[in-house]
Amino acid sequence: DAGVIQSPRHEVTEMGQEVTLRCKPISGHDYLFWYRQTMMRGLELLIYFNNNVPIDDSGMPEDRFSAKMPNASFSTLKIQPSEPRDSAVYFCASSAGQSYGYTFGSGTRLTVV
Amino acid sequence: AQSVTQPDIHITVSEGASLELRCNYSYGATPYLFWYVQSPGQGLQLLLKYFSGDTLVQGIKGFEAEFKRSQSSFNLRKPSVHWSDAAEYFCAVAPTSGTYKYIFGTGTRLKVLA
């Protein structure tokens with residue numbers, strides 16, 4: 001298995017632009033999570049899906065952020081418009097269930113200038 | 001309130017020395033417990049997990065952890081550290097039912113001296 005695949009690995013964009021981050025979870029994993037990691041705030045859960053349905057989006061910072069999971073093998077996290085404070089590493093993770101733990105992707109390092 | 005505490009932000013050990021990283025949690029019931037490792041520029045990798053049974057669990061890369069219910073602790077140990085173990089280590093808890101949301105600790109950064 002190739003693991004959780006995220007793209008792009010690095011993204012540099014100008015303030016105000018739309019940014020789309022992509023994730024392919026491990027086949028057969030029913031849960032998908034989007035996290036953000038910064039030095040100041042550590043790991044923050046943004047949203048998670050179960051069987052493609054958003055279950056908890058209470059961590060999404062504001063309306064500029066949106067996430068979708070149109071099918072079991074693909075999810076996107078979109079920021080529109082982007083701001084410099086959105087600069088962070090964004091991780092996608094998938095899981096087969098609560099006792100199994102997460103498998104994380106390698107992350108997308110987003111820089112908004 | 002539910003929380004995970006990793007009291008040591010940084011730890012430095014010499015290669016070949018033993019290692020113990022501390023993790024304490026506050027939770028209503030015994031949760032699932034995990035340790036993850038993050039190497040620079042990488043995502044988090046699961047080292048080991050506990051959810052029932054033997055309180056001493058073995059993980060990958062020679063790590064082990066011991067669950068102590070009376071102390072609400074789940075400390076990570078390794079008998080002999082290798083230079084490649086230098087990384088950041090995160091303790092996490094998850095509920096055994098209901099909403100599947102981890103609580104992560106703030107991490108302990110391990111430095112290994114040659």
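Numbered from 1 within each chain, the chains take letters A, B, ... in sequence-line order. The basis for the numbers below is simple: all heavy atoms, side chains too, and nothing from hydrogens, waters or symmetry mates.
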Greatest number of heavy atom pairs closer than 4.5 Å to chain A - which of B:Phe104, B:Phe34, B:Phe90, B:Phe51: B:Phe104
side-chain contact (heavy atoms from CB on, under 4.5 Å) between B:Leu19 and B:Leu110, intermediate numbers included: CA-CA 9 Å; B:Leu19 173 69; B:Leu110 174 65; 3.8 Å; yes
Donor-acceptor pair, side chain of B:Glu15 and main chain of B:Ala114, under 3.5 angstrom: no
Minimum heavy-atom distance A:Pro54-A:Ile47, with the two atoms named: CB-CD1, 4.1 Å
Pairwise side-chain contact, B:Leu44 with B:Val37, heavy-atom cut-off 4.5 Å (strictly under): no
Common cluster, A:Met69/A:Val4, ILVMFWY with side-chain heavy-atom separation under 4.5 Å: no
From CA spacing to verdict: side-chain contact (heavy atoms from CB on, under 4.5 Å), A:Val12, A:Val112: CA-CA 6 Å; A:Val12 180; A:Val112 183; over 6 Å; no
Stepwise side-chain contact (heavy atoms from CB on, under 4.5 Å) test for B:Leu113 and B:Lys111: CA-CA 7 Å; B:Leu113 301 176; B:Lys111 182 177 179 180; 4.0 Å; yes
For the student: nearest non-hydrogen atoms of B:Ile11 and B:Glu20, plus distance: CD1-O, 3.9 Å
If the cut-off is 3.5 angstrom, what donor-acceptor pairs do you find between chain B and chain A?
from: B:Tyr36; atom 1: OH; to: A:Tyr102; atom 2: N; distance (Å): 2.7
from: B:Gln38; atom 1: OE1; to: A:Gln37; atom 2: NE2; distance (Å): 3.0
from: B:Gln38; atom 1: NE2; to: A:Gln37; atom 2: OE1; distance (Å): 3.0
from: B:Gly41; atom 1: O; to: A:Arg9; atom 2: NH2; distance (Å): 3.1
from: B:Lys49; atom 1: NZ; to: A:Ser99; atom 2: O; distance (Å): 3.2
from: B:Pro95; atom 1: O; to: A:Gln98; atom 2: NE2; distance (Å): 2.8
from: B:Tyr100; atom 1: N; to: A:Tyr48; atom 2: OH; distance (Å): 2.9
from: B:Tyr100; atom 1: OH; to: A:Ser95; atom 2: OG; distance (Å): 2.8
from: B:Tyr100; atom 1: OH; to: A:Gly97; atom 2: O; distance (Å): 3.1
from: B:Lys101; atom 1: NZ; to: A:Asp56; atom 2: OD2; distance (Å): 3.0
from: B:Tyr102; atom 1: OH; to: A:Tyr102; atom 2: N; distance (Å): 3.3

Heavy-atom contacts under 4.5 Å, residues 64-73 of chain B to chain A: none
Hydrophobic cluster identity match, B:Phe63 and B:Val93, side-chain contacts under 4.5 Å: yes
Same cluster (ILVMFWY, side-chain, under 4.5 Å), B:Ile9 and B:Ile103: no
A:Ile55 versus chain B, the contacting section by heavy-atom distance below 4.5 Å: neither
